[in-house]
2 protein chains.
Amino acid sequence: MTKLPHDHGEHPEDIIPLFENGEHFLMLSELFRQFSDGNRIRLFWILCHCEECVINLSAMMNMSSPAISHHLKQLKSAGLITGRRNGKEVYYRAADTPVVKALHDAIRELSELSCPGGCLIPEEKK
Amino acid sequence: MTKLPHDHGEHPEDIIPLFENGEHFLMLSELFRQFSDGNRIRLFWILCHCEECVINLSAMMNMSSPAISHHLKQLKSAGLITGRRNGKEVYYRAADTPVVKALHDAIRELSELSCPGGCLIPEEKK
DNA sequence: TAAACAATTAAACAATCGTTTAATTGTTAT
DNA sequence: ATAACAATTAAACGATTGTTTAATTGTTTA
């Protein structure tokens, strides 16, 4: 255990080692960073509930397709969505992984807490 | 229901309204943004498990106190931590709210998924 | 009061981020 | 091949972010 400048008489021994693994938190932050932009959460949330092409996503989000492409690329390289080409179009949807499920549930829970009974309508109905 | 450029024959009617409430996702993104920085997640995680002064947090995180103060200010204005002055020092800890509990659990779950049985040691022992 | 320590604030800086516009690649149909 | 459409990439831009250094505000003690 590293000695701290001030001794406030707390810190059970087994908590100290926790404070040293910075890389792990960096890894987590790369996940959370995906949702630090409102448009990107919304895009992810849409793709949790349907599979769509870029043009339609642009229309839903009221954004240009390069902008959508840019966000899709980030979500994809974070492993949160997948894309499959079908003819001229590429269909995107949320990846089927435990991390994606956990993030979906976190969004739903935080939504429910900050806007009880309300903002994410389709989820509540089930 | 707004008509989309391409009709892929999906989208049950009750999913459509969901795609229009952008402000709600913006609100969520302000929460997630707090954790888009590795140092800030780590700081929050520490403060979920103990109450500490800025000097000790600086030592734990190996960062300057202005840098720590800066992150504390953000976490505080997001409602995630509280601070109380005691003499020359100010002690910070995680706020006691449902949102904080949900975020704590999300961090723990994502940690467990990406590093099974391992990285956040003290939490696993209970 | 003055000195010492804790914490915050201010100013400056490089780095990152989200969006736009324009150009490019990939695919299908004529 | 050519034209039309979907999607991505590239370059540029303003805006935001995290850190540093220096100055300032609070509080205690000598």
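On a predicted model such as this, the values are computed, not experimentally measured, just so you know. Letters A, B, ... mirror the listed sequences (proteins, then strands); counts begin at 1.
- Between the CG atom of N56(B) and the C1' atom of dC5(C) there is a distance of 14 Å, given to the nearest Å.
- By the ring-ring contact (aromatic ring centres under 6.0 Å, His included) test, F35(B) pairs with F32(A), F44(B), sequence neighbours left out.
- I55(A) has its CD1 atom 15 Å from the C1' atom of dT28(C), to the nearest Å.
- Taking the side-chain contact (heavy atoms from CB on, under 4.5 Å) definition, one finds that E30(A) meets it with L26(A), sequence neighbours left out.
- With sequence neighbours excluded, no residue forms a side-chain hydrogen bond (donor to acceptor under 3.5 Å, both in side chains) with E109(B).
- Checked by atom type and distance alone, the side chain of D37(B) pairs as donor or acceptor with a backbone atom of R40(B) at under 3.5 Å.
- Ring planes of H104(A) and W45(A): parallel class, angle under 30° (limits at 30 and 60°).
- Side-chain contact, E89(B) with H8(A): a donor N or O sits under 3.5 Å from an acceptor N or O.
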Donor-acceptor contacts under 3.5 Å from residues 57-68 of chain A side chains, at least two apart:
| from | atom 1 | to | atom 2 | distance (Å) |
| --- | --- | --- | --- | --- |
| S58(A) | OG | V54(A) | O | 2.9 |
| S64(A) | OG | A67(A) | N | 3.3 |

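- Rounded to an integer number of Å, the gap from CG of D37(B) to P of dA15(C) is 17 Å.
- Here H70(A) pairs with Q74(A) under the side-chain contact (heavy atoms from CB on, under 4.5 Å) rule; sequence neighbours left out.
- Across residues 68-78 of chain A, S69(A), K73(A) each have a non-hydrogen atom less than 4.0 Å from an atom of DNA chain D (numbered order).
- In this structure, Q34(A) atom CD and dT16(C) atom C1' are separated by 14 Å, rounded to whole Å.
- In this structure, the CD atom of E89(A) is 13 Å from the C1' atom of dG26(C), given to the nearest Å.
- For DNA chain D, the contact window with chain A, defined by any atom under 4.0 Å from a protein heavy atom, covers dC5(D) to dT9(D) in 5' to 3' order.
- Scanning for side-chain contact (heavy atoms from CB on, under 4.5 Å) contacts around K76(A) gives I81(A), Y92(A), with sequence neighbours left out.
- Between R33(A) and S64(A), the one whose closest nucleotide on DNA chain C sits nearer the 5' end is R33(A).
- Every residue two or more places apart in sequence or in another chain that forms a side-chain contact (heavy atoms from CB on, under 4.5 Å) with R93(A) is listed here: E51(A), T82(A).
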- DNA chain D in dot-bracket form (Watson-Crick or G-U pairs under 3.5 Å, [ ] crossing, | inter-strand) is ||||||||||||||||||||||||||||||
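- Nearer the 5' end of DNA chain C, as judged by each residue's closest nucleotide, is the contact made by H6(A), out of H6(A) and S36(A).
- Every residue two or more places apart in sequence or in another chain that forms a salt bridge (charged side-chain N to carboxylate O under 4.0 Å, His left out) with K101(A) is listed here: D96(A).
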